[in-house]
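Only one structure is covered here, and it is reproduced in the block below.
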Amino acid sequence: MTQADFNAQNASSYTHEYSNFPYSLIQQHNFKDADDSIASLINAINSHKKQGNFEIASKLIAENANLLAQYTIDASIINTIEEEIRNAQVMVLQKHQCIYYDETEPEYCAVGDLWEGGL
C-alpha cells in the first residue's frame with residue numbers, strides 16, 4: 001500500500017487521541033521564550049543535567065512544573081499539534097471540491113469532485 005493509498009483510505013476519519021478537533025476548538029497554549037524571570041531556574045536545571053545530577057534536575061522540574069509549563073514543550077504538546085493539523089487536513093479534504101481535467105488521474109478524489117474529460 002502506498003502512502004497515497006493510505007492517505008485516501010484514512011482521509012475520512014478524525015483521530016482523537018490528543019485533541020477533539022473539529023468538535024471543539026484547538027487549545028491555545030501561549031508558550032513564552034525564556035526571560036530573566038525564569039533564566040536562573042533553567043540555568044540551574046541545565047547545569048545539573050550537564051553534571052549528571054539528573055535526580056536534582058528532575059526534582060527542580062517537578063517542584064516548578066507550573067512555572068515551567070509556559071516555557072517547555074513536551075511530546076504530548078507536539079503530538080496534539082500534529083493530530084490537530086492532520087484533523088484539519090481531513091476536514092479540508094471533506095469540504096473542498098476539485099475539478100480535474102483531461103485524463104490525468106488525481107492522487108485523491110473526494111465525493112463531489114468533478115472530472116472533466118475531453119471528447
Side-chain angles (χ1 to χ4, degrees):
M1 175 181 291
T2 67
Q3 183 66 38
D5 293 333
F6 177 82
N7 290 343
Q9 286 181 358
N10 293 288
S12 64
S13 60
Y14 295 108
T15 55
H16 298 288
E17 185 174 351
Y18 294 94
S19 73
N20 199 28
F21 180 86
Y23 307 109
S24 66
L25 293 176
I26 296 170
Q27 178 185 356
Q28 289 187 301
H29 296 95
N30 299 314
F31 291 107
K32 296 180 179 181
D33 288 329
D35 56 20
D36 290 340
S37 67
I38 195 79
S40 62
L41 176 59
I42 292 173
N43 288 336
I45 292 167
N46 288 337
S47 176
H48 286 296
K49 286 180 182 179
K50 286 179 185 175
Q51 295 170 11
N53 300 326
F54 298 107
E55 286 184 36
I56 297 171
S58 179
K59 184 179 176 185
L60 284 173
I61 292 169
E63 289 173 350
N64 296 284
N66 289 338
L67 182 60
L68 291 168
Q70 295 176 309
Y71 300 93
T72 58
I73 297 176
D74 61 9
S76 177
I77 298 294
I78 292 170
N79 290 336
T80 300
I81 293 168
E82 186 176 50
E83 181 176 82
E84 290 172 341
I85 291 169
R86 182 204 176 275
N87 286 339
Q89 291 171 319
V90 170
M91 177 183 268
V92 169
L93 286 172
Q94 292 174 351
K95 301 285 182 189
H96 84 291
Q97 184 180 47
C98 292
I99 301 174
Y100 301 100
Y101 296 98
D102 300 324
E103 296 177 11
T104 306
E105 186 173 340
E107 182 177 321
Y108 174 79
C109 278
V111 174
D113 286 353
L114 302 174
W115 200 323
E116 182 70 29
L119 293 175

To the nearest 0.5 Å, tell me how far [X] [atom1] sits from [Y] [atom2].
X     : Y     : atom1 : atom2 : answer
Ile61 : Ile56 : CD1   : CD1   : 12.0 Å
His16 : Glu83 : NE2   : CD    : 7.5 Å
Leu41 : Asn46 : CG    : CG    : 9.5 Å
Gln27 : Asn20 : CD    : CG    : 12.0 Å
Asn64 : Lys59 : CG    : NZ    : 11.0 Å
Thr80 : His29 : OG1   : NE2   : 6.0 Å

Taking atom types as modelled, is there a side-chain donor on Ser37 or Asp35 under 3.5 Å from an acceptor on the other? yes
At their closest point, which heavy atom of Ser13 faces which heavy atom of Arg86, and how far apart are they? O-NH1, 3.0 Å
Verify the cluster assignment for [X] and [Y]: are they in a single hydrophobic cluster under the rule of side-chain heavy atoms below 4.5 Å apart?
X     : Y     : result
Met91 : Tyr23 : yes
Tyr18 : Ile78 : no
Ile77 : Tyr71 : no

Please check if atom CD in Glu63 has more than 12 non-hydrogen atoms from other residues, nucleotides or ligands closer than 6.0 Å. yes
For atom CG of Asp33, is the number of surrounding heavy atoms from other residues, nucleotides or ligands below 6.0 Å larger than 12? no
Any chance you could lay out the side-chain contact (heavy atoms from CB on, under 4.5 Å) test for Gln70 and Phe31, step after step, and finish with the verdict? CA-CA 5 Å; Gln70 295 176 309; Phe31 291 107; 5.6 Å; no
Can you find a heavy atom in the side chain of Leu68 that is under 4.5 Å from one in the side chain of Ile45? yes
Quick one, His48 and Leu60 - any side-chain contact, counting heavy atoms below 4.5 Å? yes
Evaluation steps, side chain to side chain donor-acceptor pair (under 3.5 Å), between Gln51 and Asn53: CA-CA 6 Å; Gln51 295 170 11; Asn53 300 326; 3.1 Å; yes
